[in-house]
Amino acid sequence: MAQLVSSWSNGVQSVPEDYLMPPEKRPGDSVSVCNEIPVIDLHENLKNNRSDIIKHILKACQEFGLFQVINHGVSEKMMEDVMVLYHEFFNMSIDDKLCVYSETPLGAACSLYPSSLNYAKEDVHFWRDILRHLCHPLEEHTPSWPDKPSRYRQEVGRYAIEVRKMGFKILDLIAEGLGLKDGYFNEVSQNHTMAINHYPPCPDPSLAMGIGAHRDANLITFIQQDQYGLQMYNHGKWMGIEPIPNAFVINIGYQLEIISNGKLKSVEHRGVTSSTAARTSITTFVGPNLDHSVAVEPAKELVTSTSPRKFKSYQFNNFIADYLAYSKKPVSRDGTLLDLYRL
Ligand SMILES: O=C(O)CCC(=O)C(=O)O
Ligand SMILES: [Fe+2]
């Protein structure tokens, strides 16, 4: 239990040695918030011009691999309530958190753990705690979820349903933009996992990381954030993502890059800490299940004589094994995990 950052960091005056990032992995010079990252108003655009919004989304996925959406259909009240619920959750006593704490979170239906799935083998830890659980099918998974605060299962269950609906709506817009049929991504979207990150205030944010540079292994990710801290790497530099109340940040994962035959780009991103404010991000990962039996590969419709196939076919569980092995390697901008899958 002592490993949860939220259980020992309150009042700590300096960053403990096993949280000191090596210089090349530290946040570096001050990063400014980027105003060019598209903020797409789904309500206005869908009402007035569906084809414009599709173009807008595709352009964002090609240029940045990331965009924000507002008026997305998930109720603002629900988003606010769930954020308050998670503040309460991470402020609960250690004893209350123990019910879901796990030192071996990999493969668990629900667990609360520090840093990453790899804590025991890490040289340096990240300055965060994570509550992670499966969400689909809902009835199957809610019994494994926390039962404190007492409204947890009901409120988060409703939130998961709404975010899933929004997710499919956005995936259908992306499918249409790529020239794929409605519902094209349904089969590779059966895994719906929520990971709620909590980054307590850190005595020296220049020396630690909330989460290191990475790309997401899944198809697409939806993030609700309450404070600044998320950054993406683009055009040779790190850029901050502005926290917009009631918006979702949407970022493209490796599977969407591969299935789109490289037309959409996965985005490298990371999270920094603050010395004054705790940060909570409610992350929803959508992608294939680990036991997804059909090979993942570029959509046949996107492979043509002018756009030859770029990636091999593979089983998703093998990809995840490579992803976990790769994430332990030193950061290098010369290549990505995708090089292993390129033809
Ligand atoms: O905290 C965030 O905003 C991002 C977290 C993240 O990138 C992840 O959990 O994969
Ligand atoms: Fe991520």
Side-chain angles (χ1 to χ4, degrees), residues 5-6 25 27 31 33-34 37 61 64-69 79 82-83 86-87 89-90 105-106 110-119 122 125-135 163 167 191-202 205 208-234 238-257 265-274 277-287 319-320 323-324 326-328 331 336-338:
V5 185
S6 55
K25 291 190 180 176
V31 170
V33 166
C34 174
I37 296 167
C61 295
F64 297 103
L66 184 147
F67 56 100
Q68 305 213 46
V69 286
M79 293 178 79
V82 168
M83 189 55 89
Y86 281 118
H87 291 163
F89 176 86
F90 284 102
L106 194 62
C110 174
S111 48
L112 171 67
Y113 55 97
S115 187
S116 84
L117 288 168
N118 214 19
Y119 184 92
E122 286 167 349
H125 307 303
F126 297 124
W127 195 272
R128 67 165 179 168
D129 294 333
I130 307 114
L131 171 66
R132 186 184 188 93
H133 58 59
L134 295 168
C135 296
V163 174
N191 186 287
H192 174 170
T193 298
M194 283 176 70
I196 301 85
N197 301 293
H198 180 71
Y199 308 88
C202 172
M209 283 306 288
I211 177 171
H214 69 285
R215 291 165 201 258
D216 291 346
N218 54 309
L219 192 72
I220 191 164
T221 305
F222 305 92
I223 303 172
Q224 180 188 342
Q225 54 173 343
D226 63 348
Q227 300 279 342
Y228 173 69
L230 179 62
Q231 300 178 344
M232 65 176 237
Y233 195 75
N234 191 269
W238 286 102
M239 300 173 169
I241 318 285
E242 186 189 0
I244 302 175
N246 303 312
F248 280 94
V249 176
I250 301 186
N251 70 271
I252 304 300
Y254 275 133
Q255 306 312 307
L256 201 43
E257 177 158 355
K265 304 287 175 224
S266 58
V267 61
E268 187 177 7
H269 55 287
R270 67 181 190 181
V272 298
T273 62
S274 151
R279 173 168 183 264
T280 301
S281 63
I282 308 171
T283 305
T284 299
F285 296 111
V286 169
F319 185 96
I320 291 298
Y323 181 83
L324 292 173
Y326 191 91
S327 62
K328 288 174 211 146
V331 176
T336 71
L337 168 63
L338 281 197

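What you are looking at is a predicted structure, and each value in this text was computed from that prediction instead of being measured. Each ligand, and each atom within it, is numbered from 1 in the order the structure gives.
Proximity annotation for atom 4 (C) of ligand 1: of Val267, Leu230, Thr280, Leu230 comes nearest, heavy atoms only.
The closest side-chain donor-acceptor pair between Arg132 and Ser111, if any, does not fall under 3.5 angstrom. Side-chain contact, Ser281 with Gln224: no donor N or O sits under 3.5 Å from an acceptor N or O. The closest side-chain donor-acceptor pair between Asn218 and Asn191, if any, does not fall under 3.5 angstrom.
Qualifying side chain to side chain contact (heavy atoms under 4.5 Å, CB included) partners for Gln227, counting only residues two or more places apart in sequence or in other chains: Ala277, Arg279.
Here the protein heavy atom with the shortest distance to atom 3 (O) of ligand 1 is Arg279 NH2, 2.8 Å. Protein heavy atom at the shortest distance from atom 5 (C) of ligand 1 is Asn197 ND2, 3.5 Å. Looking only at protein heavy atoms, the nearest one to atom 10 (O) of ligand 1 is His214 NE2, 3.1 Å. The protein non-hydrogen atom at the shortest distance from atom 2 (C) of ligand 1 is Ser281 OG, 3.3 Å.
Note on ligand 1: Gln225 sits outside its first shell, no heavy atom being nearer than 4.0 Å.
Less than 4.0 angstrom separates some heavy atom of Phe285 from each of these atoms of ligand 1: 8 (C), 9 (O), 10 (O). If you number the atoms of ligand 1 from 1 as listed, the ones under 4.0 Å from a heavy atom of His269 come out as 7 (O).
Annotation: the span from Thr280 atom OG1 to Met83 atom CE amounts to 6.0 Å, rounded to 0.5 Å. Going from atom CZ of Arg270 over to atom CZ of Arg215 covers 13.5 Å, rounded to the nearest 0.5 Å. Distance check, rounded to the nearest 0.5 Å: OG1 of Thr284 to CD1 of Ile220 gives 11.5 Å. Between atom CD1 of residue Ile250 and atom CZ of residue Phe64 there is a gap of 15.0 Å, rounded to the nearest 0.5 Å.
At a threshold of 4.5 Å between non-hydrogen side-chain atoms, the residues Gln225 and Leu230 count as touching.
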message = Please determine whether ring pair (Phe, Tyr, Trp, His ring centres under 6.0 Å) holds for the pair Tyr199 and Trp127, giving the CA-CA distance in whole Å, both sets of side-chain angles, and the decisive distance to 0.1 Å.
response = CA-CA 6 Å; Tyr199 308 88; Trp127 195 272; over 10 Å; no
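Under 4.0 Å from ligand 1, not a single heavy atom of Thr221 appears. Within the 4.0 Å heavy-atom criterion, the part of Arg128 lying near ligand 1 is the side chain and not the backbone. Counting heavy atoms under 4.0 Å from ligand 1, residue Asp216 touches it through the side chain alone.
Taking the six-membered ring where tryptophan is involved, the planes of Tyr254 and Phe319 are perpendicular, since the angle between them exceeds 60° and thus also 30°.
Looking only at protein N/O/S atoms, the ones less than 2.8 Å from the Fe ion (ligand 2) make 3 in total.
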